[in-house]
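See structure below.
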Amino acid sequence: MAKVSVIGAGNVGASCVEAMLHLNFCSEIVLLDIKEGLSEGKAMDMMQASKQYGSNTQIIGVTNDYSKTADSDVVIITSGIPRKPGMTREELIGVNAKIVTGVSESVLKYSPKAVIMVIANPMDPMTYLTLKKNNLPKTQVVGMGGQLDSSRFTYYLAQALNCPMSDVECMVIGGHGDTTMIPLIRFATYKGIPVTKILSKEECDKVVADTMVGGATLTKLLGTSAWYAPGMSAASMAKSIVMNERRVFPCCCLLEGEYGQEDLCIGVPAILGKGGWEKVIELELDEQEKELFRKSADATRKTADILKETGILS
Ligand code: APR
């Protein structure tokens, strides 16, 4: 059984811990926040629910004491500010880069081998920052965004098909941004049947458009960004890593030649198992999809370049 630490006990961090209790694969979860008492309170509340979850996981809440996170197998970074209605994820870069830099250094001091999963936005540049700033092997750092966007794609497809979500298989690749993500409609299936053979072009286009603004739609409704699907997406990825399940997740990895890109962290399908991401899977994209990926890569690189232009990364 594994030890997982979650940094940031806000909406996403706490939901992720709760999702991990449901999945029941950890012996210990440490929840850490900078805000006095918040993690302790949420950890205690969840511990008091755990018997009813059928879980014996120890949840430990701490205020900024990184020694308690020592020897974690996976550390999930959710600390950072969420977007407000009308904001893009990219606008969070300045504040969150400082938080992610400090947090990742503290985490690695006590768990140098932990797989680091980045959720704080803008997630693709924050993944790149974590990797480069700490000089880590590329497979040790993974970003959570594609799995969440794919969950939203699944939801909108199931609504359009009027079918259970369990019968839908689909994937979103590219950047984790409203205009950069690429819901791969041509690869989406309903129990193995391409959805493009069932839905009209207009219906497919609507599903793709709704998926791309899926996060913004929720932010508008909630007044802040969403947490249940982000928490569960991260928990499923952590489980695949620590249990060495080797499941395929669309997630943010450093590309070194794959998909024609160099030195860029962006969403692609990858196998997650012991030690982090094992292998990027190269899909056979058609010309239109390749062009969308190139555009998404350019935009994602432009945001990551802000880290260099502002001296956050040298
Ligand atoms: N160290 C530890 N915790 C911190 C730090 C820090 N340096 N800075 C902020 N935090 C904590 C806050 O105290 C807060 O409890 O991070 C938590 C963030 O929680 P929320 O404000 O509820 O934000 P949340 O919705 O969870 O989103 C977190 O994930 O999806 C992304 O865009 C989202 O970047 C955002 C992140």
Side-chain angles (χ1 to χ4, degrees), residues 89 123-124 127 142-218 229-230 232-233 236-237 240 246-262 264-272 277-302:
R89 295 180 180 94
M123 181 279 297
D124 303 290
T127 304
V142 63
M144 193 297 290
Q147 177 62 14
L148 168 60
D149 297 330
S150 303
S151 307
R152 291 174 176 155
F153 192 18
T154 306
Y155 166 79
Y156 285 115
L157 274 171
Q159 298 261 306
L161 291 160
N162 190 20
C163 77
M165 291 203 278
S166 55
D167 280 359
V168 177
E169 279 296 339
C170 63
M171 208 178 321
V172 176
I173 62 168
H176 181 50
D178 298 354
T179 55
T180 57
M181 72 177 75
I182 308 163
L184 289 174
I185 194 80
R186 193 171 63 88
F187 289 79
T189 64
Y190 171 22
K191 216 60 192 170
I193 308 158
V195 301
T196 48
K197 292 206 185 304
I198 306 168
L199 299 173
S200 67
K201 165 114 180 38
E202 290 67 34
E203 286 170 320
C204 287
D205 289 349
K206 183 168 181 342
V207 166
V208 167
D210 285 346
T211 301
M212 293 178 76
V213 294
T217 302
L218 287 165
M232 184 44 118
S233 299
S236 308
M237 288 168 64
S240 186
R246 306 189 65 252
R247 290 176 59 201
V248 174
F249 288 87
C251 55
C252 180
C253 301
L254 179 78
L255 301 188
E256 289 179 318
E258 301 94 336
Y259 290 90
Q261 297 297 326
E262 282 290 341
L264 177 72
C265 284
I266 193 165
V268 286
I271 298 171
L272 295 188
W277 64 265
E278 210 174 279
K279 185 181 182 306
V280 167
I281 294 171
E282 292 218 51
L283 301 168
E284 280 190 32
L285 302 182
D286 65 20
E287 281 315 311
Q288 196 188 356
E289 291 154 352
K290 279 184 190 162
E291 182 54 21
L292 285 174
F293 196 87
R294 263 193 299 274
K295 282 194 179 142
S296 176
D298 289 348
T300 306
R301 181 173 281 109
K302 220 167 149 190

Under the 3.5 angstrom rule, does the side chain of E203 hit a backbone N or O of S200 as a donor-acceptor pair? yes

Within the structure provided, determine whether V268 and E258 are in side-chain contact (heavy-atom separation under 4.5 Å). no

With a 4.5 Å cut-off on side-chain heavy atoms, are L184 and L285 touching? yes

Begin with the C-alpha distance, continue with both residues' side-chain angles, and end with the deciding distance and a verdict on side-chain contact (heavy atoms from CB on, under 4.5 Å) for E289 and I182. CA-CA 8 Å; E289 291 154 352; I182 308 163; 5.6 Å; no

May I ask you to say whether K201 pairs ionically with D205, meaning some side-chain N is under 4.0 Å from a carboxylate O? yes

Begin from the C-alpha positions of I266 and F293 and carry the test side-chain contact (heavy atoms from CB on, under 4.5 Å) through to its verdict. CA-CA 10 Å; I266 193 165; F293 196 87; 3.9 Å; yes

Checking the side chain of D124 only, and the main-chain atoms of H176 only, is there a donor and an acceptor separated by less than 3.5 Å? yes

Check: L157 and I185 side chains under 4.5 Å, non-hydrogen atoms: yes

More than 12 foreign heavy atoms under 6.0 Å from CD of E169: is that the case here? no

I'd like to know if E291 pairs up with R294 as an ion pair, taking the criterion as any Lys NZ or Arg NE/NH1/NH2 lying under 4.0 Å from an Asp or Glu carboxylate oxygen. yes

I want to check something: taking the side chain as every heavy atom from C-beta on, are V207 and P183 in contact at a cut-off of under 4.5 Å? no

Regarding D210 and R152, does a basic nitrogen lie under 4.0 Å from an acidic carboxylate oxygen? no

Stepwise side-chain contact (heavy atoms from CB on, under 4.5 Å) check, F249 with S150: CA-CA 9 Å; F249 288 87; S150 303; over 6 Å; no

Donor-acceptor side-chain pairing of R301 and Q261 below 3.5 angstrom: yes

Using the side-chain contact (heavy atoms from CB on, under 4.5 Å) rule, take E278 and R246 through it: C-alpha gap first, then chi angles, then the decisive distance, then the call. CA-CA 8 Å; E278 210 174 279; R246 306 189 65 252; 2.6 Å; yes

Just by distance, do the side chain of T217 and the backbone of V213 share a donor-acceptor pair under 3.5 Å? yes

